[in-house]
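Since the structure comes first, as structure tokens, the remarks are kept for the end.
Side chains included, hydrogens not; waters and symmetry mates left out as well; all remaining heavy atoms used.
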Amino acid sequence: MKKILIADDHQVVRKGLKQILEDEFSDVEFGEAENAAETLQKVSEKKWDLLILDINMPGRSGLEVLHQLKEEKNMLPVLVLSMHAEEQIAVRTFKSGAWGYLSKDAADTDLVKAIHQILSGKKYISPRVAELLAEQLENPSGKAPHEHLSDREYETFIHLAKGKTVSQIAKEVSLSIPTVSTFRTRALDKMKMETNSDLIRYAVDNKLI
């Protein structure tokens, strides 16, 4: 029996994923978590064959969960399922230890294919992610400005580039407004920019949104 843990703060998403996978896998046990703390607790309590992990959860993000699993040398395969397009964050998740990445608008068939591949012991890399990884290999030392950001700074940058206000971001990621403001300031400083408009222009020019 395969054991799959689904970590997403939206119950409807967890339910939908279970329905898709129950149709594909006849012998599977599911677990559910709605935030990072619950995810890490359930990972420590039981051996799972796969973790399907959302990036945007309240409090600590999915990227932080990946980092902690990596630091603890936990070899649990993780498929990241996110609302972000591959160009925005996929490479970052692989560097953090993910075994696969899919955006939430991917077809059910892609999800099933990814899970079969990961459960067989192989990483799932879509054609687009393969291109992005190849581009990084071609230019390993010449990091783009956004690649110097921490995960939280990068997440804040993407939200700002999509036109969201600091207060909207704070509510969405369950952080305080001063904390998000700090991430915004750090992102601007590291990228040598002054305004949100600069961030938006950069994100559009680099196809990050």
Side-chain angles (χ1 to χ4, degrees), residues 7-10 13 35-36 53-71 78-98 100-106 110 125-209:
D8 193 292
D9 58 319
H10 294 98
V13 173
N35 56 51
L53 178 67
D54 183 25
I55 286 295
N56 296 310
M57 293 190 293
R60 298 179 68 191
S61 69
L63 280 172
E64 291 175 277
V65 172
L66 279 174
H67 284 309
Q68 182 160 336
L69 292 176
K70 190 174 183 179
E71 287 173 2
V78 180
L79 172 63
V80 172
L81 194 62
S82 172
M83 66 178 184
H84 296 296
E86 292 167 324
E87 288 82 358
Q88 295 173 17
I89 204 168
V91 171
R92 189 174 285 254
T93 64
F94 275 98
K95 287 181 177 179
S96 299
Y101 183 93
L102 280 175
S103 61
K104 285 186 176 179
D105 59 1
D110 291 332
I125 299 177
S126 69
R128 180 55 186 144
V129 171
E131 289 178 11
L132 294 169
L133 290 170
E135 289 171 5
Q136 293 246 333
L137 288 174
E138 290 173 0
N139 187 25
S141 58
K143 283 189 174 183
H146 68 275
E147 292 174 346
H148 293 279
L149 303 179
S150 70
D151 292 333
R152 278 298 193 186
E153 290 162 0
Y154 182 80
E155 183 181 23
T156 301
F157 154 57
I158 290 296
H159 283 304
L160 290 167
K162 290 180 178 179
K164 296 179 183 178
T165 65
V166 167
S167 58
Q168 288 173 327
I169 298 169
K171 183 177 181 180
E172 187 166 326
V173 301
S174 300
L175 293 174
S176 69
I177 291 176
T179 298
V180 174
S181 293
T182 297
F183 290 139
R184 172 186 177 274
T185 300
R186 289 176 182 171
L188 287 168
D189 287 344
K190 288 183 179 180
M191 296 177 72
K192 295 180 172 54
M193 296 179 184
E194 296 182 356
T195 67
N196 288 0
S197 296
D198 295 332
L199 295 176
I200 293 170
R201 191 178 305 108
Y202 176 91
V204 171
D205 289 344
N206 288 273
K207 299 179 181 178
L208 296 175
I209 57 173

Can you find a pair of side-chain heavy atoms, one from [X] and one from [Y], that are under 4.5 Å apart?
{"X": "Ile89", "Y": "Leu63", "answer": "yes"}
{"X": "Arg92", "Y": "Lys95", "answer": "no"}
{"X": "Pro145", "Y": "Lys192", "answer": "no"}
{"X": "Leu175", "Y": "Arg152", "answer": "yes"}
{"X": "Phe183", "Y": "Ile169", "answer": "no"}

Checklist entry - Where do His67 and Asp151 land on the side-chain contact (heavy atoms from CB on, under 4.5 Å) test, with the steps shown first? => result CA-CA 10 Å; His67 284 309; Asp151 292 333; 2.4 Å; yes
Spacing of [X] atom [atom1] and [Y] atom [atom2] [to the nearest 0.5 Å]:
{"X": "Tyr202", "Y": "Met193", "atom1": "OH", "atom2": "CE", "result": "6.0 Å"}
{"X": "Lys162", "Y": "Leu199", "atom1": "NZ", "atom2": "CG", "result": "14.0 Å"}
{"X": "Ser82", "Y": "Asp8", "atom1": "OG", "atom2": "CG", "result": "9.5 Å"}
{"X": "Thr195", "Y": "Ile200", "atom1": "OG1", "atom2": "CD1", "result": "8.0 Å"}
{"X": "Leu160", "Y": "Gln168", "atom1": "CG", "atom2": "CD", "result": "10.0 Å"}
{"X": "Asn56", "Y": "Ile158", "atom1": "CG", "atom2": "CD1", "result": "10.5 Å"}

Do you know which two heavy atoms are closest between [X] and [Y], and how far apart they sit?
{"X": "Leu81", "Y": "Lys104", "value": "O-CE, 3.8 Å"}
{"X": "Glu155", "Y": "Ser61", "value": "OE1-CB, 4.3 Å"}
{"X": "Ile177", "Y": "Ser167", "value": "CD1-CB, 3.9 Å"}
{"X": "Ala187", "Y": "Leu149", "value": "CA-CD2, 3.7 Å"}
{"X": "Ser181", "Y": "Val166", "value": "OG-CG1, 3.4 Å"}

Next on the checklist: Between Val173 and His159, is the side-chain contact (heavy atoms from CB on, under 4.5 Å) condition met? List the steps.
Outcome noted: CA-CA 10 Å; Val173 301; His159 283 304; 4.1 Å; yes
Checklist outcome for this item: Sequence neighbours excluded, the answer for side chain to side chain contact (heavy atoms under 4.5 Å, CB included) partners of Ala161 is Phe157, Ala203, Ile209
Checklist entry - Side-chain donor-acceptor pair under 3.5 Å between Asp54 and His10, yes or no? => result no
Next on the checklist: As a quick check of understanding, evaluate side-chain contact (heavy atoms from CB on, under 4.5 Å) for Thr93 and Leu53, giving each step before the final call.
Outcome noted: CA-CA 11 Å; Thr93 64; Leu53 178 67; over 6 Å; no
Next on the checklist: Tell me which one of Arg184, Lys164, Arg201 satisfies side chain to side chain donor-acceptor pair (under 3.5 Å) with Asn196.
Outcome noted: Arg184
